[in-house]
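The structure under discussion appears below in the form of structure tokens.
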Amino acid sequence: MSSVTLYSVAYSIAAILLGGLAHLFPAPVHGWLISGDVVTALATVIFAAILLAASMLNTILLIWYERKLLGRFMDRRGAMHVGYAGLLQNFADGLKLFRKDTVRPGQADPLGFWLSPTAYMVTSLVIFGLLPISTGWNGGSLPLTLLLALVIFSFAPLFIFLGAWASNNKYSLIGGMRSAAQMIAYEVPILLAVVAVVVLAGSFDLNTIVLEQRNYWFWAPLFLALIVFLTGMLAEMERIPFDLPEAEAELVEGWNTEYGGMLFAFFMLADYLRALVGSILVVLLFLGGWTLPSYIPAALTSFPLAGIVWFMVKTYLVFGLFVWVRASLPRIRTDQLLRLGWMRMVPLALLSVILAALVVLARCLPLIGCVPSMGG
Amino acid sequence: MDAKQLSDGLATRFPGKILGVDPLDGTLGRIRFDPAVATDLFRSLRDDYQFTHLTLVGATDWIDHREVFYVLWSDTDRLYLVLSANLPTDAPVIASSVPIWPSANAHEREAWDLVGVKFEGHPDLRRIFMPEGYAYHPLLRSFKIHEPEDLEVKVRSD
Amino acid sequence: MTHGLWNLRVRIEGEIIKDVEPEMGYLHRGIEKISEDRHYNEIITLMDRTCYVAGLAWEHLFIVAAEQALHVTPPERAEYIRVLSAELQRIASHLMWYSAFVQDLGLMTPFLYGMRDRDLILDLFQSYTGGRLTYEYMRVGGVRSDLPLGFTQRCRQVVDWLMDRFVEYDQLCLSSTIFHERCDGLGVLLEPEAVAYGVTGPMLRSAGSHRDLRKDRPYSVYDKLQFQVATASTADVTGRYLVRMEEMRQSVRIVRQCLDWLDDHPGPVMAEHLPRWLGAPYAPMGNESYLLKRNYPTGVGLSMMEEPHGEAGAYVVNDGGEHPYRVKFRSPVLINIWAAKRYLPGYRVADIPPIMGSVDVCVGECDR
Amino acid sequence: MSGQAPEVPRPAVRPQTDASPAGDLPLAVIGQPGVPFVEIETLRAREFIPAAKEALSSLLKEQAQGKLIRPVFNWAGRNSLFPLHWGLACCAIEFAAAFGARWDAERFGVVPRSSPRQCDLLIVNGTVTWKVAHKLIALYEQMPEPKWAIAMGNCATGGGPFRTAYSVVPGVDKLIPVDVYIAGCPPRPENMLDGILRLEQLIKERGE
């Protein structure tokens, strides 16, 4: 399965479709249809559609997983009656929100009101498209995938603030400002934690980072960075204990108070998509991606699509950790959150960068023997 | 301290203004006083007799007059004391006790809202339960409650 | 949740609260007015709805005032059952408070744990009153019916289970750093101010005061029971949490003593010499003319009690008719909210939920 | 079969068909480095098109009769009712208990939301006073269509024990249209869940 990539599958499908379609047309059109450019274009569209379907399916599954898990933490069962074990519950929710009216308040700014949920959704989808779930998941590997993903990840406060401002509601505005302050504050420690990983792996390419972890996963030397990254991701996802932009007790629903119907569904889906992306990043950067330690029997790692399966298992476990945190911690206050971010997380992240540098140095010490690094 | 002692003490301070003492189970008794001396009496009770805690202010409409009653608590003696004053129906006005016991604020607003007793010197004597602009004082005996008939609702949304 | 409908107008500068103005009355149902039109025993129906998280405590409050106004003495067993009910109700009310309070802090799981354990107490109530929230159990002169068979056994099991759960609650809250970050030093109301503003109940006791009417002025049979007054010295949100938690443990202690007494002392639960219109279960022989007596001696009843939210009071004027002439209640919640003018300014907007959550607002009794 | 040598085993995309490929049509052979070769047996396109047309027109006809998409949305709408998270009086406590561990209304997809924009269902759980009446109407009007209302408990249904009081609305149906009334003072959590399930049944029958 090494060289069957997702893109090649998409390409095959495009070729089948176009090949079939081409017979209906006379020669010049026929020839144009089966030419490389058209097939490549269609293959790209199909590739994107597969990614979209995968991301949406995973997001909805993630919501279901959270609801069931949260229910178990709370001594109850969560969604049960729609579909088997409530599996269809979130599809019902989505369809219902799709059908509902979308009310724009009279004083709200139309452009910002419509644009921000859409842009929030689209940017979150783009990040998912960038991440390698397994070998050959995405078409090619850019040299700076990680950086690009994080850059797009940090667009979110902009759109949230835009949407909050445009909906012309005081609770939305306060929620939006809190959200922007929180996300911007926690981007610094996240980036520093990522720097530690990059120093160790010697590359910004996620594929290379995963390959570098074939001997040992990075959580062991970079435990500090992992903690910083997890905390920062919690803040970026706005989940308890950092969900104060949506603090129900004081701010109704926070920045999406005025959003209903499909726009609300967009916000909701994008939130969980970001949670998925966050969990995937944790797995990629610290937990060895789709690789497994060598003492795992080969039968468990060599079946078809084993990489994707193990990757998703790890991702859902990481997300389960987030759910566990959500079930057991109260939310903290804005000033405490910012103090935690700047005074604790940033120094810890810097420390972890230094640790990573020391590890690299130790690898190159002549006493131990210089282990050449693959990346860089 | 018993009721006799207290009322004698008060009577010497406010001659002719203490109108009587009734026994009341579980309390020191009920002292009736002349509303003219309300502020001085309250201050004296708080400062000289350590009734630091005003528990309750309420009013009753007795058709020919309205009665205001106060329930006080003495933290040192662990005792309740009930004060009551009769006000004429046409001018139900008494001095406010808020300057002496801040806790009277909400109680007095409630008494104004429901029974229509005016407290002079209250910092913010508005209705508390009924909406502003409501025309009646519902706990007056002249205000009758009845089974609602079919009503047509017109709600102004603002 | 229990906070219900009330409005807090806050004037802020940045995130700092400058002034607050509580606005009430959204649930004003005219209970005092309706009571003037009702029979004494019919008012009990309204009492359950006045404070819907502490129905039996308010029934007890009104019944004691009414008995005083009507000159009726209940049998001792009924008093014990009332105290037992009031203490179980205190636990249930505090559990409801706990659920709502932790939800304000953003803790989701303990909310469900609190509701789950509260349901066990409501099951106990259901077994002898038939209702979950609204019981209509107490009567002038006693209680409606005796406890069912095997009740004391079940009740002991439930309180044993609850004692274990209290430990779990403390672990979920007190061992969390974030909980202390959110609660310590907030909403401080020192004892002299609290007294001046009329604040009572756990809020006053969290400021170091030992004032508890069950000790200071024992009503019913509280003078025969052993318990301690829970206090704290911090006068803040954490202090109120600690006081309520300790009160639940003390209530369990009282419940156990009541159960022991009730096991050993069977007897009637209604006063015997009651006129029929007060719901006497049977007529004393040779006393039929007594039953027809409509004009009861007039009187005034005042009862003040330590209700779960604070000191509640009932002032009942009996002018000789079947209906009380005037019923006036003191709601501790109204005054405790009112004092927000004193204890809220100076803190941040995000501190409002924990501080107001620690007050234990029940709008039903506040607005009546 | 093309002349270029495949580098990897072919993916199984060959349609299983007995009929030989139409001789007059060339096989589509497309290749690109790095992408495995595929060879395609053509669909019998000229037979496919009329069938597709017929299927499409029948689908459109069904859709016009409201048989196709609408039941799906109806199913979705009735299985995901988000009530507004607001409490009025006693019934609000039982409303909260219904979301507790023992009854767990989330089993039926009922999740309370705080903002009326995201709700489908207004559960009036308690006594409505005249002071709060216009706020109730405003909340109901802020909810986007389609929306439903449940009057929970006797107070919301007809004033309950406070019917004679001067400040109480004798029945919330004087203010907003109500779909389901739940009796009880307060209704037990089971009754509330029953009311919601009945509303689901109602939505199914009305075909909204």
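To find a chain, count down the sequence lines: A is the first, B the second, and so on, and within it residues start at 1.
Applying the salt bridge (charged side-chain N to carboxylate O under 4.0 Å, His left out) test to every pair with at least one member in residues 85-101 of chain D, sequence neighbours left out, gives these pairs: C:Arg132-D:Glu94. Sorted by first and then second residue, the salt bridge (charged side-chain N to carboxylate O under 4.0 Å, His left out) pairs with a member in residues 49-60 of chain C read C:Arg49-C:Glu136; sequence neighbours excluded.
The main-chain N or O of C:Tyr26 is never found under 3.5 Å from a side-chain atom of D:Lys135 such that the two would form a donor-acceptor pair. Using modelled atom types, no side-chain atom of C:Thr45 and backbone atom of D:Pro161 make a donor-acceptor pair closer than 3.5 Å.
Of the listed residues (C:Leu122, C:Asp37, C:Leu112), the greatest number of heavy-atom pairs within a distance under 4.5 Å of chain D belongs to C:Leu112. For chain C, the option among D:Pro186, D:Cys90, D:Ala97 with the highest count of heavy-atom pairs below 4.5 Å is D:Cys90. Residue with the most contacts toward chain C among D:Ala165, D:Ala89, D:Gly126: D:Ala89 (heavy-atom pairs, distance under 4.5 Å).
Among the candidates D:Trp130, D:Phe162, D:Tyr166, the single residue satisfying the side-chain contact (heavy atoms from CB on, under 4.5 Å) test with C:His28 is D:Tyr166.
In terms of heavy-atom proximity, C:Arg29 sits nearest to D:Val168 at CA-CG2, 3.9 Å. Of all heavy-atom pairs between D:Thr129 and C:Gly25, the closest is OG1-O, 4.3 Å. Annotation for D:Gly100 and C:Met115: closest pair CA-CB, 4.5 Å, computed over non-hydrogen atoms. Contact detail for C:Gly30 and D:Ser167: the closest heavy-atom pair is N-OG, 4.0 Å.
Interface remark: D:Cys185 contributes backbone and side-chain atoms alike to the contact with chain C (heavy atom separation under 4.5 Å). If you measure heavy-atom distances from C:Leu27 to chain D, the contacts under 4.5 Å come from both the backbone and the side chain.
Scanning for ring-ring contact (aromatic ring centres under 6.0 Å, His included) contacts around C:Phe166 gives an empty result, with sequence neighbours left out.
Residue D:Arg198 places its CZ atom among 12 or fewer non-hydrogen atoms of other residues, nucleotides or ligands, all under 6.0 Å distant.
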Requested in this report: Apply side chain to side chain contact (heavy atoms under 4.5 Å, CB included) to the pair D:Arg163 and C:Ile34, showing each step before the final yes or no.
Outcome: CA-CA 10 Å; D:Arg163 184 175 173 79; C:Ile34 304 175; over 6 Å; no
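Put simply, the side chain of C:Leu133 reaches to within 4.5 Å of the side chain of D:Ile93, judged on heavy atoms.
Annotation: residues 123-130 of chain C contacts chain D through C:Asp123, C:Gln126 [non-hydrogen atoms, separation under 4.5 Å].
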